[in-house]
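Structure first, commentary second.
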Amino acid sequence: MLTNKVFMKKTKRGNILKIVREHYLRDDIWCGSAACRKCPLDENGTLLDEAPESVSERFDFPHYLLLDTNIILYQMDLLEESAIRNVIILNTVLDEVKHRSAVVYKRLRAVLSNPERKFYTFVNEHHKDTYVEREPGESANDRNDRMIRTAAEWYGKHLHPETGKKASRSGVRIVLLSDDADNRTKAMALGLNTCSSAEYMKAAKAKFAHLLDKIAQRELVSESKDPLFPSHLTVMQIHEGIKGGKLMQGGFIASRENYLEGYVRVEGIEKAVLIQGRMNLNRAVDGDVVAIEMLPESEWKAPSDVVLVDEQNDPGDMVEPDPTFSVKPQAEREPTAKVVGIIKRKWRQYCGILMPSHISGSTRHIFVPAERKIPRIRIETRQAATLLSQRIIVAIDQWPRHSRYPQGHFVRALGPIGSKETENEVILLEHDVPHSRFSEDVLACLPQLPWTITDEDMKRRVDLRGITICSVDPPGCTDIDDALHARRLPNGNIEVGVHIADVSHFIRPGTALDREAASRATTVYLVDKRIDMVPELLSSNLCSLRGGVERFAFSCVWELDDQANIKLTKFHKSVIKSANALTYEEAQIIIDDAKQTNEVATSLRTLNKLAKILKKRRTEKGALVLASPEIRFHVDSETHDPIEVKAKQLLDTNSMVEEFMLLANISVAEKIEQEFPESAMLRRHPCPPQSNYEPLVKAAQHQGFEILTTSGKELATSLDNAVKPDNPYFNTMLRILATRCMMQAVYFISGTLQRDEFFHYGLAAPIYTHFTSPIRRYADIIVHRLLAACVGADSTYPELLDKKVNSNLCNNLNYRNRMAQYAGRASVALHTHLFFRKRSEDEQAYILFIRKNALQILVPKYGFEGTIYVTGRNNEEIKTGVRFVYDEEQQTQRCGKIVFRAFDPVVVRLSLDSTNVQHEKLVFELVHPYIEGFSVKPEAEGAAAAAAEVVTPKRKNEQQPAKLKKNKKSK
């Protein structure tokens, strides 16, 4: 049967085109039910059970569920439960879901692909009895709802025919599940069995009762309560306000230090706009795109210097007045706004813990997210007794005006609180790190073993197996990306080669392996595990430049004079055989041991000498030497628990490798941009706006130093000059602060920006890219493909030169790299907690910031920060008789005769507060200077001596170090 779809289209010239599309209808499409005796059996199709078991007692007869679109969009957490089976998905619904949410569509496809779940897709759009034309004046949504009701009605007649006709022996009926009240009303008028998801699950059988927790709260809640928040503007009002210039839009960023504060980044405004106070925040959640209205200048505020965390048990749906923030001089105030509407919610699923309810038997509970930027979430669950000891995942459903907290639902439990496996899973989920096993499609792209280099391979590559090449990496590194060589040429110059694993040889464009690597974007390094970007066969074997084995490489080779000036640069694919895979320590020992004169030693010494010249030249041009506290864990070889922590030691060999990686990246960037000026993938580090430097400049001013920030060169010189002989760590802390003022370095496509925007501020390089780590970074694979096309080693393909495609790819790479960084830091924090279980230590520390109610402390040995509160949220005494006085102008805290300033050395006691098993916290307590009634007494004489000298405090519970845990270098 054939029907036509006819519609009119107006062209740019004003002509009217009549478009006719043929739509084929059939009567032989299988319904998918094993109970059906009419349809021809599709052996490859999903078979719905002949006698399906019902999950709910609301309908006491065997039935299949037929789902409305909104059920799939908002109740996917329920549908992913294995108990939900025998479900019919209409292709009308499938198409609508695909257009409305790619994320939900992907999740639904995963369920549909599992035959055990019994989810059947019925092609109702092409069945002659279920297809309906859109009526004049009918909206697309209304037509889709009518299609769904028509299909449900047809299924009912098809599976349960009237008496007297030849029929199936089936008693199976259809239940239309819809959260659209209007659709349910119309379905009931047709005599269909229908209900909402909540109604269906509230009548769940006892063994399925826990599934009610999965229901997203979508129905309108009662507005009889007094509203706590202002109402949000409608979409039309927001549009008109932005168009008229009254409103602005931007991404909302919640504060970690103060839950009543946040910022909105507005395009075209250099500094983020401040949002302060519960009413002004108006239910915005970190990541939301919001509409804001600027407050009058008389109401502008200054960022709070108070550390505020929402720690109330469950105050119910009421809000207390905001604590009084100190009034700052007009000069220190910033443009301040209020949130008046939500343009786009960026809610996701959140990991965290459940707070015990103070009402016995209550089903309403407060969920505390692991991410401090996210507000607490109110959920309903009947499994509280079980979940209190678990890390769980919760999704936000809505945030009505009368509710203090957003409302959500329980998704699933991850495992016991405090378990290292559970906490690692939390880190990966919270930072959106893809960590599932590689699919069969991906693994099918890998080369077969045994893998060998053929004569054909050698014809297309330069044979460098006779050159003494070696790699230098951290201990335990198995994914070796790079190797180096240096040798004297007959003309007196020096040949230096950087040889990078040729990963692009194994990962071909458009394959499942290529798509997976592009999605993952980067390898993620946690303290005790590595989440690979590519399968281990490549990362640790065939691509890894291991010592003594032949491997494919992409080589960048220079001819340099003795002053490290480049005379010639060439690129080619090669075959190498690394003479040795060294650690940084081993390479340093070889360089320092004058007795060693072999080719490896000579090559390393030459490389080290040239690297020092290159580094000196870079810093003279204005390259920044910044700092961030980094630590390395010693772990137990059996349990993998941390037993000792040490600050990472940087050697000359670290700098040696870094300099040549930087030089290779710059050389490749120049080459690919010259050849492909519109489509080269480059990396830029934007110059920070001057407002970013305010914390650094103010902190230095209070110490009597002037930091100039108008250029990278001035900043580098200012930092070099800011030295205090009596405080050797002072300059390092300034550099840590300077690091925090920086913008994120990002990937971009050359044709999307002006040439002067290519600049890499931190490296003082006019152009830069990433070429040297293709095993762990997808950007490097794209750069390899571009470079291969430049030198004729490979051909291009359309997507490689597509600016739009690759700009979108850059967005994903930038996001994944940022999340990988945060995940690595979170892993260090987790292992620090594990390290401090059942122990405490008195450690040397420094004051990083002075807050109105707290001291922000940095512990160099462990590289982390903590807070010592000195007053309560409303300036009340924390400990009786101990009063601190905050001097805002001088940025000091005074208690009696003792004055605390930024960068002052102190001794703190670090311990883990495990009184609340659900929410263990690392506690900082002041040891020195000693304040009666506030400080804690030193644990031992050694610690007391440390307090006197404020140098290196003694540690308690000393352990013997085990094998050093690996962690990949950064380049």
Side-chain angles (χ1 to χ4, degrees), residues 46 48 55-56 64-122 141 144-145 148 175-180 183-184 194-202 204 208-219 285 287 344-352 367 369 377 379-381 383 392-399 406-414 425 429-430 432 434-436 519:
T46 299
L48 300 170
V55 169
S56 174
Y64 301 140
L65 294 176
L66 192 147
L67 306 184
D68 195 353
T69 307
N70 51 45
I71 293 288
I72 296 172
L73 288 173
Y74 302 114
Q75 307 295 349
M76 201 62 219
D77 292 325
L78 173 67
L79 298 179
E80 286 177 326
E81 286 294 315
S82 58
I84 306 298
R85 296 155 55 91
N86 293 292
V87 176
I88 298 167
I89 307 290
L90 303 178
N91 82 306
T92 298
V93 172
L94 195 63
D95 287 345
E96 193 172 356
V97 170
K98 183 178 182 179
H99 288 114
R100 290 181 61 180
S101 174
V103 175
V104 174
Y105 179 74
K106 187 176 180 181
R107 292 170 68 185
L108 178 60
R109 294 297 305 180
V111 175
L112 288 168
S113 66
N114 183 357
E116 294 181 2
R117 295 298 311 278
K118 308 284 185 181
F119 273 58
Y120 177 66
T121 306
F122 179 61
N141 185 61
N144 288 348
D145 286 346
I148 293 165
V175 171
L176 172 60
L177 221 54
S178 174
D179 283 347
D180 183 339
N183 199 19
R184 292 200 304 270
T194 183
C195 67
S196 69
S197 56
E199 290 168 341
Y200 189 77
M201 292 315 303
K202 281 176 182 174
F208 301 119
H210 65 282
L211 296 182
L212 182 57
D213 292 353
K214 306 270 183 174
I215 294 292
Q217 302 174 46
R218 296 297 305 169
E219 296 185 356
V285 176
K344 187 178 181 182
R345 289 290 193 188
K346 288 288 185 73
W347 294 341
R348 57 179 174 83
Q349 294 182 342
Y350 304 100
C351 302
F367 166 82
I377 303 167
I379 68 169
E380 290 194 22
T381 177
Q383 307 173 68
I392 65 173
I393 296 178
V394 161
I396 298 178
D397 300 324
Q398 59 186 357
W399 195 345
Q407 298 173 355
H409 67 274
F410 166 73
V411 177
R412 64 186 172 99
L414 293 173
E425 181 73 5
L429 290 170
E430 274 295 294
D432 196 17
H435 58 286
S436 57
S519 173

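For clarity, every value in this text was computed on a predicted model and none was experimentally measured. Atoms considered below: every heavy atom in the structure, side chains included; atoms not considered: hydrogens, waters and symmetry mates.
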Flag the pair I393 / D77 as yes when at least one side-chain heavy-atom distance between them is below 4.5 Å, and no otherwise. no
Quick check for you: to the nearest 0.5 Å, what is the distance between L177 atom CG and R184 atom CZ? 9.0 Å
Let's go through E380 and Q407 carefully: what are the C-alpha distance in whole Å and the side-chain angles of both, what is the deciding distance for side chain to side chain contact (heavy atoms under 4.5 Å, CB included) to 0.1 Å, and is it a yes or a no? CA-CA 9 Å; E380 290 194 22; Q407 298 173 355; over 6 Å; no
For L90 and I148, which heavy atoms make the closest approach, and how far apart are they? CD1-CA, 3.7 Å
Can you measure from CZ (F122) to CG (L94) and round to the nearest 0.5 angstrom? 14.0 Å
Under a 4.5 Å cut-off applied to non-hydrogen side-chain atoms, are V55 and M201 in contact? yes
Provide the closest heavy-atom pair for F410 versus I379 in the form atom of the first, atom of the second, distance. CB-CD1, 4.3 Å
Just so I know, are the side chains of N183 and N70 near enough to count as touching, which here means a heavy-atom distance under 4.5 Å? no
Distance (rounded to the nearest 0.5 Å) between S82 OG and E116 CD: 9.5 Å
The test is side chain to side chain contact (heavy atoms under 4.5 Å, CB included); show your working for D68 and D180 and say whether it passes. CA-CA 8 Å; D68 195 353; D180 183 339; 4.0 Å; yes
Calculate, to the nearest 0.5 Å, the distance between atoms NZ and NZ belonging to K98 and K106 respectively. 14.0 Å
Side-chain donor or acceptor of R117 paired with backbone N/O of L79 under 3.5 Å: yes
With a 4.5 Å cut-off on side-chain heavy atoms, are I72 and I89 touching? yes
Using 0.5 Å steps for rounding, measure from the OG atom of S196 to the NZ atom of K202. 7.5 Å
Between the side chains of T381 and D213, is a donor N or O closer than 3.5 angstrom to an acceptor N or O? yes
Determine whether Y350 and V394 make a side-chain contact, defined as any pair of heavy atoms from C-beta on separated by less than 4.5 Å. no
Measure the shortest side-chain to side-chain distance between T121 and L112 over non-hydrogen atoms and say whether it is less than 4.5 angstrom. yes
Write down the atom of R412, the atom of L414, and the distance for their closest heavy-atom approach. NH1-CD2, 3.5 Å
Shortest non-hydrogen pair, A216 vs Q75, comes out as N-OE1, 2.8 Å
Considering all heavy atoms of both residues, which atom of L211 and which atom of A83 are nearest to each other, and what is their separation? CD1-CB, 3.9 Å
Kindly compute the distance separating CG (L212) from CD (Q383), expressed to the nearest 0.5 Å. 9.5 Å
Counting C-beta onward and ignoring hydrogens, is there a side-chain heavy-atom pair between R348 and E430 closer than 4.5 Å? yes
Heavy-atom pair of closest approach, residues I215 and D397: O-OD2, 4.2 Å
Determine yes or no for a side-chain-to-main-chain donor-acceptor pair under 3.5 angstrom, with S56 supplying the side chain and Y200 the backbone. yes
With heavy-atom distances below 4.5 Å as the criterion, would you say the side chains of K346 and V285 are in contact? no
Just one of I71, T194, L67 clears the side-chain contact (heavy atoms from CB on, under 4.5 Å) bar with L176, so which one? T194
